[in-house]
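What follows is one structure encoded as structure tokens, with my remarks underneath.
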Amino acid sequence: MHSRYRTYQRISDLPKLSGEEVVLRGWVADRTDKGRLQFLRFRDGSGFCQLVVFQPEVPEDVFMVAQTVTQESSVEVRGLVRRDERAPGGYEIQVHDLRILHRTQGYPIAPKEHGVEFLLEHRHLWLRSARQHAIMRVRAAVIRAICDFLDANGFVRIDAPILTANACEGTTTLFELDYFDLGKAYLSQSGQLYAEAAAMAHGRVYTLGPTFRAERSKTRRHLTEFWMVEPEAAFFELDDDMDLAEDLVEYVVQYVLRHCEQELRALGRDCSQLEKVKRPFYRISYTEAVEIVRRKGAKLHRKLPDGGEEIVDFPWGEDFGAPQEDAIMEEFEKPCIIHRYPAAVKAFYMKRDPENPDVVLAMDMLAPEGGGEIIGGSQREDDYGALLQRLREQGLPEDAFQWYLDLRRYGSVPHSGFGLGIERTVKWITGVQHIREVIPFPRMLYRIVP
RNA sequence: UCCACGGUAGCUCAACGGUCAGAGCACCUGGCUGUUAACCAGGGGGCUGUGGGUUCGAAUCCCACCCGUGGAGCCA
């Protein structure tokens with residue numbers, strides 16, 4: 001690609017520059033030497049490559065610079081690009097000149113083992129490591145793939161507000177703040193309601209942005225601030241919604257396999273399972289899922305009023321927890337969609353199944369290999385009276401939802417959508433164990449810095 | 001919020017209630033022409049999270065607090 005901004009060569013271009021003299025600018029990730037032969041692991045943002053400095057081939061002062069340069073110093077290097085099997089990545093630079101731009105003293109992160117706390121404390125520097133570099137590239141690719149797919153299928157990106165007056169689902173705890181003279185405002189936990197409004201204007205839309213949950217969650221799959229893409233489409237019924245979710249996830253996974261081969265290898269990801277992620281996925285009803293849970297003996301731990309706990313066979317009507325989801329996904333090597341959940345455990349805006357009023361037209365997608373729940377969606381209640389009744393049943397403030405009810409007053413149509421968690425998806429695809437590694441600066445219960 | 005575990009050198013960890021709290025890595029010095037977390041030799045580096053208690057004696061046992069970790073719940 002031609003760029004008017006590129007004034008120097010980059011590591012990502014090395015295969016095309018073999019045998020040529022190049023000038024690169026970047027940072028020394030690490031160094032080691034064998035006397036008169038020195039190896040510098042060099043990175044410039046586009047990738048990593050090895051610099052080789054051999055004493056007889058460079059001026060004495062250049063050799064001294066290479067010998068004394070510290071980890072994470074920024075440098076400019078001139079040298080010959082060589083193909084060499086011994087070099088990580090297959091190419092290396094035979095250094096002719098090396099200049100220090102800024103000498104680093106006491107870089108905190110050694111190229112050795114570190115604990116989580118220490119690394120999170122230094123997240124601003126940790127991002128430079130090869131592993132974090134690869135994860136962020138996959139994250140970028142996932143978001144790119146999502147936008148490509150939705151744009152190509154006629155979805156218009158609509159950005160939802162982050163400051164909102166109303167709680168979306170009325171269940172989870174929200175971050176609250178004072179909004180001038182208008183009282184309390186909340187950080188959005190979902191752009192869905194706004195996406196619904198926009199879908200009545202554009203037919204097919206999606207929101208993409210950060211969302212916030214003030215839950216005191218402490219697990220490897222929760223963040224207090226996370227990104228979500230939420231497609232919403234007029235005239236889509238539940239089956240269309242599931243088709244869309246399936247198509248989108250298939251596209252994203254296959255896109256990453258195609259475009260991030262290097263990154264996935266750097267992360268040590270076994271891609272054989274990902275290659276299987278092709279339509280059709282599995283699709284089972286909640287009732288069928290309950291049967292699996294019971295068959296596999298994933299019991300329910302239920303809290304008793306006296307503070308104790310009882311362990312019972314999983315009853316129809318309860319929502320699945322992590323143990324149940326894990327039990328279900330042991331059965332499947334591809335994503336599985338579970339649909340038609342008990343109405344009592346789902347949000348007020350979900351439409352009842354006309355064939356069974358005990359369940360709603362909702363669906364969740366669970367990813368295999370411990371990926372967990374990556375999608376939650378539903379067909380929305382499009383009947384004014386039914387929606388108003390749900391609002392009242394759940395004790396939600398009608399005033400704040402007047403505009404939302406308007407969507408059912410003026411040209412209401414069947415419509416559906418879902419939310420796909422960006423971090424959960426990246427975590428699954430990269431095979432990373434903890435969600436905090438797949439967002440640049442994670443916000444968690446006990447962490448807001450850096 | 002509940003449950004469990006942890007906090008000792010810059011980092012990762014060790015040390016039965018008993019001499020001066022150790023090791024690896026990182027850092028500094030020297031050696032080596034192919035290193036991949038190189039290796040070899042030497043060197044500096046500590047308010048054992050905080051406060052109280054038990055004891056002749058506490059990193060070690062007890063209590064409280066602070067900080068963190070991951071599991072539940074909640075969910076993407």
Side-chain angles (χ1 to χ4, degrees), chain A residues 29-41 48-57 63 67-68 70-71 82 84-89 92 94 104-122 130 168-169 171-174 189-192 210-230 245 300-303 307-309 318-326 345-347 364-367 371-377 418-428 433-436 438-439 444-447:
Chain A
D30 192 14
R31 66 174 299 288
T32 182
D33 68 277
K34 275 281 282 180
R36 267 173 258 173
L37 183 62
Q38 302 186 54
F39 301 95
L40 309 188
R41 204 157 57 86
F48 289 75
C49 86
Q50 169 170 287
L51 308 182
V52 182
V53 188
F54 187 37
Q55 193 169 32
E57 290 180 5
F63 188 79
Q67 204 165 41
T68 58
T70 51
Q71 185 195 357
R82 269 196 330 214
D84 193 311
E85 286 304 326
R86 294 168 296 186
E92 64 184 22
Q94 182 71 39
T104 289
Q105 297 288 358
Y107 188 69
I109 302 180
K112 297 285 177 189
E113 56 190 324
H114 290 289
V116 223
E117 190 184 350
F118 178 83
L119 288 170
L120 284 173
E121 212 66 65
H122 295 86
C168 172
E169 307 191 2
T171 49
T172 53
T173 320
L174 306 186
Q189 64 166 322
S190 165
Q192 180 203 314
T211 48
F212 307 86
R213 306 272 164 97
E215 298 289 343
R216 303 180 82 82
S217 300
K218 283 174 66 72
T219 80
R220 65 179 74 177
R221 57 184 187 284
H222 286 90
L223 293 165
T224 56
E225 175 179 326
F226 66 96
W227 283 59
M228 191 153 63
V229 62
E230 296 177 278
L300 181 73
H301 292 240
R302 190 153 52 186
K303 286 224 170 65
E309 195 182 65
E318 286 285 335
D319 205 357
F320 297 132
Q324 287 78 36
E325 288 182 359
D326 290 346
V345 302
K346 288 293 185 182
D364 285 357
M365 186 190 290
L366 306 184
E373 183 178 342
I374 57 172
I375 281 179
F418 60 83
L420 177 142
I422 301 293
E423 288 78 17
R424 292 247 176 114
T425 303
V426 176
K427 174 177 176 286
W428 165 48
Q433 287 305 300
H434 202 299
I435 199 163
R436 66 187 158 215
V438 304
I439 187 166
M444 295 176 298
L445 185 49
Y446 294 118
R447 184 160 304 280

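Computed over heavy atoms, backbone and side chain alike; hydrogens, waters and symmetry mates excluded. Throughout, protein chains are lettered first and strands after them, A, B, ... in sequence-line order, and every chain is numbered starting at 1.
- At a threshold of 4.0 Å, the pair A:R447-A:E121 counts as salt-bridged, since one of the basic side-chain nitrogens sits closer than that to a carboxylate oxygen.
- Within 4.0 Å (heavy atoms only), A:L223 reaches at least one base atom of the nucleic acid.
- When the P atom is compared between B:C5 and B:A14, the two are found 16 Å apart, to the nearest whole Å.
- With hydrogens and angles left out, the side-chain atoms of A:Q94 and A:E57 include a donor and acceptor closer than 3.5 Å.
- Using a 4.0 Å heavy-atom cutoff across all strands shown, A:D84 reaches at least one base atom of the nucleic acid.
- Judged purely by atom type and a 3.5 angstrom limit, A:R213 uses its side chain to pair as donor or acceptor with the backbone of A:Q189.
- Phosphate contact (OP1/OP2 of B:U1, side-chain N/O of A:R216, threshold under 4.0 Å): present.
- Atom name P, nucleotides B:A21 and B:G45: the rounded distance is 13 Å, in whole Å.
- How far OG1 of A:T68 is from CZ of A:R31: 8.0 Å, rounded to the nearest 0.5 Å.
- Here A:H222 lies in heavy-atom contact (under 4.0 Å) with a base.
- When the C1' atom is used for both B:G6 and B:G34, the distance is 42 Å, rounded to whole Å.
- Rounded to a whole angstrom, the distance from the C1' atom of B:A38 to that of B:A26 is 15 Å.
- One finds a side-chain N or O of A:R221 lying less than 4.0 angstrom from the OP1 or OP2 phosphate oxygen of B:A72.
- A gap of 15 Å separates the P atoms of B:C27 and B:C11, to the nearest Å.
- Residue-nucleotide stacking is present for A:F226 and B:A76, judged by a side-chain ring centre under 5.5 Å from the six-membered base ring centre and planes under 30° apart.
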